[in-house]
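Data block below; observations after.
The chains referred to below are lettered A, B, ... by the order of the sequence lines, with proteins before strands, and numbering in each begins at 1.
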Protein chains: 2
Amino acid sequence: MGKIDNSRRARKKPTAAKAAGPAAARGARMTDVARLAEVSIMTVSRALRHPAVVDPETLKRIHGAINATGYLPNRIAGSLASQRSNIVGLVVPSLRNSLFAETVKGVADTLGADFDLMIADSGYVLDGEETAVAAFLSQRVCGIVLHNTKHTPRTRRLIQSAGIPCVETGNLVRRPIDMVASFSNRKAAFEMTAFLVGKGYRRIAFVSLPLRDNDRARERQSGYLQALKQFGLPVDRRIVLESTPGLRGGAHALIELMKVRPKIEAVFLTGDVLATGALLEANRNGWLVPDTIAIAGSDDNELQECVSPALTSLRFPRYDIGCTAASMLLNRISGNLPAAHIVDLGFQIIPRQST
Amino acid sequence: MGKIDNSRRARKKPTAAKAAGPAAARGARMTDVARLAEVSIMTVSRALRHPAVVDPETLKRIHGAINATGYLPNRIAGSLASQRSNIVGLVVPSLRNSLFAETVKGVADTLGADFDLMIADSGYVLDGEETAVAAFLSQRVCGIVLHNTKHTPRTRRLIQSAGIPCVETGNLVRRPIDMVASFSNRKAAFEMTAFLVGKGYRRIAFVSLPLRDNDRARERQSGYLQALKQFGLPVDRRIVLESTPGLRGGAHALIELMKVRPKIEAVFLTGDVLATGALLEANRNGWLVPDTIAIAGSDDNELQECVSPALTSLRFPRYDIGCTAASMLLNRISGNLPAAHIVDLGFQIIPRQST
DNA sequence: TTGAAAGCGATACCAA
DNA sequence: TTGGTATCGCTTTCAA
């Protein structure tokens, strides 16, 4: 003997204070595990990151020590040391809207347990997005997913100079910050309008969310206008509306549109639950759908299928978009070059009784 | 001259490699800002954390340097050094369900820009929650919000020994891990059942989501049963159902219930969009609501108000719950003792035409 | 297969 | 009001 027993404590803490905080429940550190398992701290680190190169016996001792101490790796320290984090940042326009929830879910499912997800909403405002991105970058996220595809110049600069992968998902832009996984809002709106024209409707109204700071709504309106033009139909600005969101937004829009003369024959409401709101309003007023007024929507969901009459709608692969976005991120994080910077996941028209 | 110019570079990096990674876009560090502003790194740190104690002139120089370098604070390093993070972790049963989105939004809004939000879903499974909590704890979150109030023993132990504040929000439990902000699911179901009894209905069916791992559904069924008992009504197990989620779940449940003899007079569907699904199904079948069958729901929302007939429903203050949960967390993070461990935000019955 | 030492980029404490 | 210095807990690099 002679030497003092150093099997425990050993937390050289010469400085005073801080010794016992309110809870003092400081968890075990890697050092504690190492001491208990009688190996160096490096071996513990390896046991966690590269178990294959560690002797099975040693590994066993280490896991025993981990359980005994209740050790939880400190990823903050790990990230600082390794200069890389396992956090992905995601910005959606609104946390309330279940549309975005699909994409969020796709991202989360694909990231799996090895990555954590940080979420912020922009409130549909470009500056909100910038703030969120700056915060993410401060947390040194390893990748970013943005739903919006219109950004402040600083947002683009921040992400690009951070040098981390980024996937935009809201619209199939030509020049993404880095990568994009989406569908073409313009094309979708064009096709739906064309579908209505094909059904014989001529006076077709269009309703979307406000275009301000919303490139998706903007693209859709543009697709609608483009279709009218292509089919030689006149544009009547009185029947091209921007609406507040919600069922009531759609209801009000329909009421306004029904007052316009000459009467409209069909209306395409895109965004949020506008179309459903319009349909329910038509039902309340006894306006026959599609005979008095045909209604088409977008963002197909169970509700649009269950109302009467069921709504003709556009189906967007939102979940897949989330999965794809996350895959693209993971691929790049693994050090690969992107297979493609622009991925078009497409869309479908689901024809039902409302048209 | 003589001495070598040391105004730039100076990043003593004797070791090779790593010099130029794929992007090499390493951002500026606090040291770089300090050098440019000709102050010590500590002064820069203070300028960011406690600007009040820094000389205004110095502050100005530092901000100039920050802009010039495009410096973004490294919160990983900051958190490690200060032993505290600004990340709050949130676990919801499902990222898809817009019910939870309300609470998430409340939490996010209340946390504000100084905190970041990490989100995970448990998939309605206790082990999923445990995994998420362990991941959060590894990230050293400064607080946790859980929607579920039933947990694995390890989940409770992990949070308690981490010594960080935690708020549960799904149900008003008696013995929370730490704190709870919610309403009583049991009481809400009891009151709604009592309301139906008060309306003269006697044979009242009950539909909820599966009870497994779902304490909220369990509590609601219990409240329903308790009400029947209190009013001296018999329990018929054939009309107490657990349903799959979604509009279709509610629709199927109603179809099953309508086959039971003697006929039921009312049905209370609670959870997800079951009630709306049932109502739409009744409409499709021409069953008059409330004459043939009265329908009551929960989680009141715009849709329940817009269908015909509008649904009688329970309104839960989900957004407020999120706000309150975040406030309770922030309060504790500021070092205060909790004003209350159990906060009951209550609920409301919204009577409409469906009953 | 394992270990020693040098950081990672900030903050805390104390001294000036 | 400002600066020096010792960490924070882990990973990287290199040597054994």
Side-chain angles (χ1 to χ4, degrees), chain A residues 10-19 21 26-35 37-62 66 69 71-86 137-140 142, chain B residues 10-19 21 26-35 37-62 66 69 71-86 137-140 142:
Chain A
R11 281 186 184 187
K12 47 172 181 193
K13 266 275 192 247
T15 43
K18 184 191 273 187
R26 259 309 175 299
R29 300 149 309 164
M30 202 176 259
T31 317
D32 303 317
V33 175
R35 197 177 309 122
E38 303 186 279
V39 293
S40 80
I41 175 180
M42 263 320 300
T43 305
V44 177
S45 178
R46 280 199 201 90
L48 261 27
R49 301 285 148 242
H50 315 285
V53 306
V54 176
D55 183 284
E57 282 304 318
T58 313
L59 213 49
K60 210 168 292 175
R61 283 213 314 287
I62 292 177
I66 287 178
T69 54
Y71 172 71
L72 272 184
N74 184 330
R75 291 215 75 93
I76 295 188
S79 297
L80 180 61
S82 65
Q83 301 280 69
R84 83 183 86 89
S85 87
N86 66 330
L137 258 24
S138 249
Q139 296 287 359
R140 298 299 190 262
C142 60
Chain B
R11 282 185 185 186
K12 46 172 184 194
K13 266 277 193 260
T15 43
K18 185 192 273 187
R26 256 313 172 299
R29 299 149 309 164
M30 202 175 260
T31 316
D32 304 316
V33 175
R35 196 177 312 122
E38 305 188 277
V39 293
S40 81
I41 175 180
M42 263 320 298
T43 305
V44 177
S45 178
R46 279 196 204 93
L48 260 27
R49 300 290 146 238
H50 315 285
V53 306
V54 175
D55 184 282
E57 282 304 315
T58 314
L59 213 49
K60 211 167 292 174
R61 283 214 313 287
I62 292 177
I66 288 178
T69 54
Y71 172 72
L72 272 184
N74 184 331
R75 291 215 75 91
I76 295 187
S79 296
L80 180 60
S82 65
Q83 299 281 66
R84 85 184 84 90
S85 86
N86 66 330
L137 259 24
S138 249
Q139 297 285 359
R140 298 298 189 262
C142 60

If you assign B:Val54 and B:Ala77 each to the DNA chain D nucleotide with the nearest heavy atom, which residue ends up on the more 5' nucleotide?
B:Val54
Heavy-atom nearest nucleotide on DNA chain D for A:Leu48 versus B:Glu38: which residue maps closer to 5'?
B:Glu38
Students often get this wrong, so: under 4.0 angstrom with heavy atoms, is A:Arg140 touching a base, only sugar-phosphate, or nothing?
nothing
Could you please name the option among D:dG9, D:dG3, C:dT1 that lies closest to any side-chain atom of A:Asp55?
C:dT1
Tell me whether the OP1 or OP2 atom of C:dT2 has a side-chain N or O from A:Thr58 closer than 4.0 Å.
yes
Over how many whole Å does the gap from A:Ile41 atom CD1 to C:dA6 atom P extend?
15 Å
In whole angstrom, give the distance that lies between atom CD1 of B:Ile76 and atom P of D:dC8.
19 Å
Scan the side chains in residues 43-55 of chain B for donor-acceptor partners under 3.5 Å anywhere in the protein, sequence neighbours excluded, and list what turns up.
from    : atom 1 : to      : atom 2 : distance (Å)
B:Thr43 : OG1    : B:Ser40 : OG     : 3.4
B:Asp55 : OD1    : B:Glu57 : N      : 2.7
B:Asp55 : OD1    : B:Thr58 : N      : 3.4

Between D:dG9 and B:Gln83, is there an OP1 or OP2 to side-chain N/O distance shorter than 4.0 Å?
yes
Estimate the overall bend of the helix from C:dT1-D:dA16 to C:dA16-D:dT1 from the end axes over five pairs each, rounded to 10 degrees.
20°
Could you check whether any side-chain heavy atom of B:Asn86 comes within less than 4.5 Å of a side-chain heavy atom of A:Gln139, counting everything from C-beta outward?
yes
Tell me whether the side-chain N/O atoms of A:Thr43 come closer than 4.0 Å to OP1 or OP2 in C:dT2.
no
Quick one: A:Arg75 CZ to C:dG9 C1', roughly how many Å, whole number?
18 Å
From C:dG9, D:dG4, C:dC8, pick the nucleotide closest to the side chain of A:Ala81?
C:dC8
In whole Å, what is the span from the CG atom of B:Leu80 to the P atom of C:dG9?
12 Å
Measure the distance from CG on B:Asn74 to P on C:dG7 and round it to the nearest whole Å.
18 Å
Would you please confirm or rule out a distance under 4.0 Å between OP1 or OP2 of C:dT11 and any side-chain N or O of B:Arg49?
yes
Is any side-chain heavy atom of B:Arg140 closer than 4.5 Å to a side-chain heavy atom of A:Leu72?
yes
Do side-chain atoms of A:Arg75 reach the backbone of B:Ser138 as a donor and acceptor pair under 3.5 angstrom?
no
With A:Ser79, which residues qualify under side-chain contact (heavy atoms from CB on, under 4.5 Å), at least two apart?
A:Ser85, B:Ile76
Is B:Ser79 touching bases, backbone alone, or none of the nucleic acid, heavy atoms closer than 4.0 Å?
nothing
Under 4.0 Å from OP1 or OP2 of C:dT11: is there any side-chain N or O of B:Ser82 that close?
no
Once rounded to the nearest 0.5 Å, what's the spacing between atom CD1 of B:Ile66 and atom CG of B:Asp32?
11.5 Å
Roughly, in whole Å, what's the span from CZ in B:Arg84 to P in C:dT11?
9 Å
Looking at D:dT5, D:dT11, C:dG3, which one has an atom nearest to any side-chain atom of B:Met42?
D:dT5
Between atom NE2 in A:His50 and atom C1' in D:dT11, what is the gap in whole Å?
9 Å
Without decimals, in angstroms, what is the distance between A:Asp32 CG and D:dC8 P?
12 Å
Let's test your reading of the model: under 3.5 Å, does the base of C:dG3 pair with the side chain of A:Arg46 as donor and acceptor?
yes
